[in-house]
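Down below is the structure, laid out as structure tokens.
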Amino acid sequence: MTKKEKTLLLVDGNSVAFRAFFALQNVGSFTNRSGLHTNAIYVFKKILDNILKKYAPENVLVAFDAGKTTFRTEKFSDYKGGRARTPGELSEQFPYIRKMLEAYGIKSYELENYEADDIIGTLAQTGESKNYRVIIVTGDRDLTQLTTAQTTVAITQKGFSEIEEYTPAHVEEKYGLKPDQIIDMKGLAGDSSDNYPGVTKIGEKTAIKLLKQYQTIEGIYENIDEMKKSKMKEHLIEDRKTALLCKDLATIKKNAPLTLGLADTIRKEADQDGLRSLFEELDFKSFLDELSPNASQQVDFEKLPVTILTADQLDKLPVKKNSEITFYLEMDGKNYHNAPFVGFIFKIDDHYFGARDVALLKEQPLQKILTDQEYQLDVFDFKRTYVGLNRLGIQMAGVRFDLLLVSYLLNNTENSDDVGELAGEHHYDQVKTDAEFYGKGAKRQIPEDDGQLFDHLSHKVLAIHALKEQLFDELKENQQLDLYQDLELPLALVLAKMEIVGITVDTQRLEAMRSEFKERLAELEQEIVNEAGEEFNLNSPKQLGHILFEKLQLPVIKKTKTGYSTAVGVLEQLRGMSPIVDNILNYRQLAKLQSTYIEGLLKVVFKEDHKAHTRYTQTLTATGRLSSVDPNLQNIPIRLEEGRKIRQAFTASHPGWEIFSADYSQIELRVLAHIAQDEHMQEAFKADRDIHANTAMEIFGLADEKDVTPNLRRQAKAVNFGIVYGISDYGLSQNIGITRKQAKQFIDTYFEKFPGVKQYMEQIVKKAQEQGYVETVFKRRRYLPDINNKNFNLRSFAERTAMNSPIQGSAADIIKAAMIKMDHELRAKKMQARMLLQVHDELIFEVPHEELADFEKLVSSVMDSAVDLSVPLKVECAHGKTWFDAK
DNA sequence: ACCGTCACG
DNA sequence: ACGTACGTGACGGTC
């Protein structure tokens with residue numbers, strides 16, 4: 001066996017540190033407890049681990065820049081001029097990166113007057129001469145000039161777990177140039193980040209074209225007389241000196257006077273203790289866990305005394321009315337409507353009682369503790385617990401603290417549904433996550449040993465208890481106690497009941513549709529394959545792209561990261577160019593209905609009661625809306641007639657009952673009129689005018705509503721939507737197919753006519769900048785860490801979010817309040833009608849025929865008066881045999 | 001696990 | 001100059 005060639009890894013320390021810094025610049029405060037920024041160190045370490053694992057090098061060196069002045073600044077004083085200073089948040093991290101490298105057993109090196117590039121170029125040369133495989137890691141594409149048969153340049157990507165490897169062939173494929181021509185390209189095109197100019201008016205494209213013909217800059221000038229007269233030729237002649245200077249600047253030295261050799265780059269063994277103390281100083285908990293186990297470090301959590309309950313012990317439980325009780329019901333799976341029970345645990349004052357047999361919960365005093373309001377309970381995820389217990393015939397009551405819900409209200413950005421993770425976010429670390437304890441994916445397993453299982457469960461209830469006081473204090477501080485107690489906690493119960501009731505699905509109707517669609521899909525597929533001239537998978541955007549844009553040569557309208565876009569918008573523009581396009585559009589529409597709404601829905605209908613029992617996620621969205629999963633009943637088709645028919649499969653659960661829908665008309669715009677206190681907009685709503693027509697009249701300067709053509713109304717409607725989303729001229733122009741200039745004109749006129757709205761938009765952004773968050777009318781918060789970010793995109797996004805979230809979030813608050821009130825009224829009036837679904841601005845009920853008239857009055861008045869705004873709320877009602885007919 | 005696509009408000 | 005509308009979930013394909 002021949003000896004494997006050795007690998008030399010050369011890392012551009014400054015470049016990778018920069019990449020690392022910006023990769024995690026915007027994830028809130030990434031600092032250790034003494035305020036030192038650690039994001040670049042963190043990502044640097046990740047990248048380092050990645051490449052060490054990937055290339056397993058025998059020799060490693062990390063090169064750094066020595067200082068601002070080098071031999072290049074001597075040749076060209078403006079070299080790298082105009083570059084923003086390294087942010088202090090980054091420079092403070094460099095000493096730690098070097099310390100870390102030392103502990104890794106890796107050599108760092110810098111050389112007066114030279115850049116890291118030159119150190120790397122020189123060592124790469126040495127490595128090659130000694131037959132090493134050389135790997136250069138950097139974030140800087142200029143180094144691709146060093147690629148050879150033996151040397152690969154790996155460029156770190158944005159995501160920092162990915163790297164892109166450049167071999168000479170890859171360089172050629174990417175730039176159309178050989179590696180050593182990169183410097184010629186730079187000489188011609190210049191480099192704005194290194195601040196050298198190149199030849200006037202020549203950019204990368206032109207440079208590449210020239211180099212394809214003449215190979216090098218020198219080659220160009222040797223042949224310059226042959227070139228046709230042109231502006232470009234003049235520029236080339238004029239800038240000859242600059243071009244050659246720039247090429248020289250771009251050239252990485254391969255003969256820097258290094259004071260070390262290959263022998264100095266041999267990797268030494270890592271210093272575990274050094275790493276440990278460094279990671280401790282940096283608060284890198286997850287990295288500490290990875291270090292080789294250190295007996296003194298692996299302190300287990302305190303063992304809690306759990307009594308495993310049996311039926312004969314129940315009468316001796318030390319429980320009083322004022323006991324502090326925490327309860328946790330463990331189920332094996334997300335879907336609590338049918339997940340198997342694992343067991344339960346009570347923390348009653350300082351005692352822990354648990355059992356696997358959940359039937360014990362039906363016995364006294366356990367059932368009484370769970371259902372009697374006199375006992376106050378603390379839990380994690382009340383809704384989940386309620387639905388689980390309901391399967392045992394137990395209607396839980398008396399919940400005071402729900403860790404999941406409270407935590408979501410305090411900060412909805414990083415809210416996990418795992419006790420361990422969530423506790424960790426609040427700096428409580430005496431509980432494992434479920435993934436750590438049970439394992440994840442295929443490895444997930446419930447331990448058979450009681451001691452193990454209940455040890456985990458006991459730490460869960462302790463975590464809930466331990467965080468209670470602190471989180472309640474935070475709620476009070478934020479003035480969110482009412483939001484929690486009067487809105488979200490009562491809502492959890494309302495949602496639980498809706499989920500349990502479920503909605504009846506006519507599976508026969510769905511099955512009939514399935515057969516019909518199956519035939520039509522087969523026909524369409526046949527036609528498409530005929531037109532394409534070959535079999536392919538038309539569900540694959542990749543294969544479809546190949547057929548449309550390569551085989552059939554249709555024009556490419558838009559590209560995605562991975563290839564050609566084949567989205568609806570693109571296909572619509574291709575219509576008429578080939579009959580295949582229409583067929584694909586039809587196929588797509590039907591396939592979506594078939595897979596998601598017919599087959600998908602049939603899979604989740606419960607056999608026992610022919611119902612779909614969705615789960616509402618109450619602690620997920622950034623704005624305060626609900627979401628619906630398994631199945632998602634908030635996105636059942638309605639816009640296209642074909643899809644709308646799916647709604648025929650949703651029916652009332654009793655003969656003689658009807659599906660009843662009540663939706664808020666224009667709730668978001670009404671909320672805006674209220675929050676912004678815009679008189680013109682308020683007046684329009686008070687007079688119950690057609691709001692989009694009203695906007696059309698204002699922005700197009702029409703005197704009479706009769707002058708509002710459907711097209712003007714459509715445009716005005718888009719403007720109204722744009723306003724709600726935090727408008728940009730570009731977004732609006734794209735949406736209604738006008739120029740950006742026209743869109744800007746619309747927006748300016750809108751703000752002139754609705755000055756209150758304009759003022760609101762400015763004020764809310766300012767408020768977000770000052771306090772770091774925005775809030776709804778019910779004081780729900782959304783934090784916007786990017787609002788002062790230097791990155792234009794991230795900042796702009798945060799600004800639009802600042803404008804939109806109070807609107808969308810307040811609308812969510814309002815319908816939640818209406819749901820609680822409605823639930824209350826139905827019980828108070830002893831009506832049989834039941835709330836089934838919520839779709840953001842709409843509530844769906846099933847109502848017995850004889851209650852219809854009373855019900856309509858009730859729901860309208862309840863929803864109208866859910867909150868008191870400075871504009872009226874308007875509710876539109878409809879009912880019919882199926883959801884489809886409730887229109 | 002991620003992407004592209006598409007369903008809803 | 002930058003490159004975007006706000007908020008979601010499910011599917012099939014692909015890595």
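Order of the sequence lines sets the chain letters (A, B, ...), proteins ahead of strands, with each chain counted from 1.
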*Under the salt bridge (Lys or Arg N to Asp or Glu O under 4.0 Å) test, which residues partner A:Arg780, sequence neighbours left out?*
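A:Arg780: salt bridge (Lys or Arg N to Asp or Glu O under 4.0 Å) contacts with A:Glu488, A:Asp813.
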
*List in chain and number order the residues that pass salt bridge (Lys or Arg N to Asp or Glu O under 4.0 Å) with A:Glu165, two or more places apart in sequence or in another chain; answer none if no residue qualifies.*
A:Lys54

Heavy atoms only, 4.0 Å cut-off, all strands: where does [X] land among base, sugar-phosphate and nothing?
| X | result |
| --- | --- |
| A:Asn735 | base |
| A:Ile807 | nothing |
| A:Gly726 | nothing |
| A:Ser728 | base |
| A:Arg782 | sugar-phosphate |
| A:Ser628 | sugar-phosphate |
| A:Ala622 | sugar-phosphate |

With [atom1] as the reference atom in both, quote the distance from [N] to [M] in angstrom, rounded to an integer.
| N | M | atom1 | value |
| --- | --- | --- | --- |
| B:dT5 | C:dT4 | P | 15 Å |
| B:dC6 | C:dG3 | P | 25 Å |
| B:dG4 | C:dA5 | P | 14 Å |

*Can you run through DNA chain C from 5' to 3' and write each base as (, ), [, ], | or . depending on how it pairs? Watson-Crick or G-U wobble, both distances under 3.5 Å.*
.....|||||||||.

Residue list, ring pair (Phe, Tyr, Trp, His ring centres under 6.0 Å) with [X], at least two apart or on another chain:
| X | value |
| --- | --- |
| A:Phe606 | A:His613 |
| A:Tyr664 | none |
| A:Phe660 | A:Phe855, A:His879 |
| A:Tyr438 | A:His456 |

*For each nucleotide in nucleotides 2-9 of chain B, reading 5' to 3', give B when a protein heavy atom comes within less than 4.0 Å of its base, S when such contact involves only the sugar-phosphate, and - otherwise.*
-SSSBBBB

*Kindly state each residue pair satisfying salt bridge (charged side-chain N to carboxylate O under 4.0 Å, His left out) with at least one member in residues 637-650 of chain A, sequence neighbours excluded.*
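Residue pairs with at least one partner in residues 637-650 of chain A: A:Arg520-A:Glu642.
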
*Where at least one partner belongs to residues 714-730 of chain A, residue pairs that pass salt bridge (charged side-chain N to carboxylate O under 4.0 Å, His left out), sequence neighbours excluded*: A:Asp729-A:Arg740

*Of A:Ala718 and A:Leu601, whose closest DNA chain C nucleotide lies nearer the 5' terminus?*
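It is A:Ala718, whose closest nucleotide lies nearer the 5' terminus.
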
*A:Lys559: partners by side-chain contact (heavy atoms from CB on, under 4.5 Å), with sequence neighbours left out*: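 With neighbours one apart ignored, the set is A:Val556, A:Tyr564.
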
*Would you say the side chains of A:Ser565 and A:Thr560 form a donor-acceptor pair under 3.5 Å?*
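The criterion, which ignores hydrogens and geometry beyond distance, is not satisfied for A:Thr560 and A:Ser565.
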
*Salt-bridged, A:Asp690 to A:Arg713, with N to O below 4.0 Å?*
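Result for this pair is yes, salt bridge flagged.
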
*Along DNA chain C, 5' to 3', what are the outermost nucleotides having an atom less than 4.0 Å from a heavy atom of chain A?*
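Counting from the 5' end, contacts occupy C:dC2 to C:dC15.
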
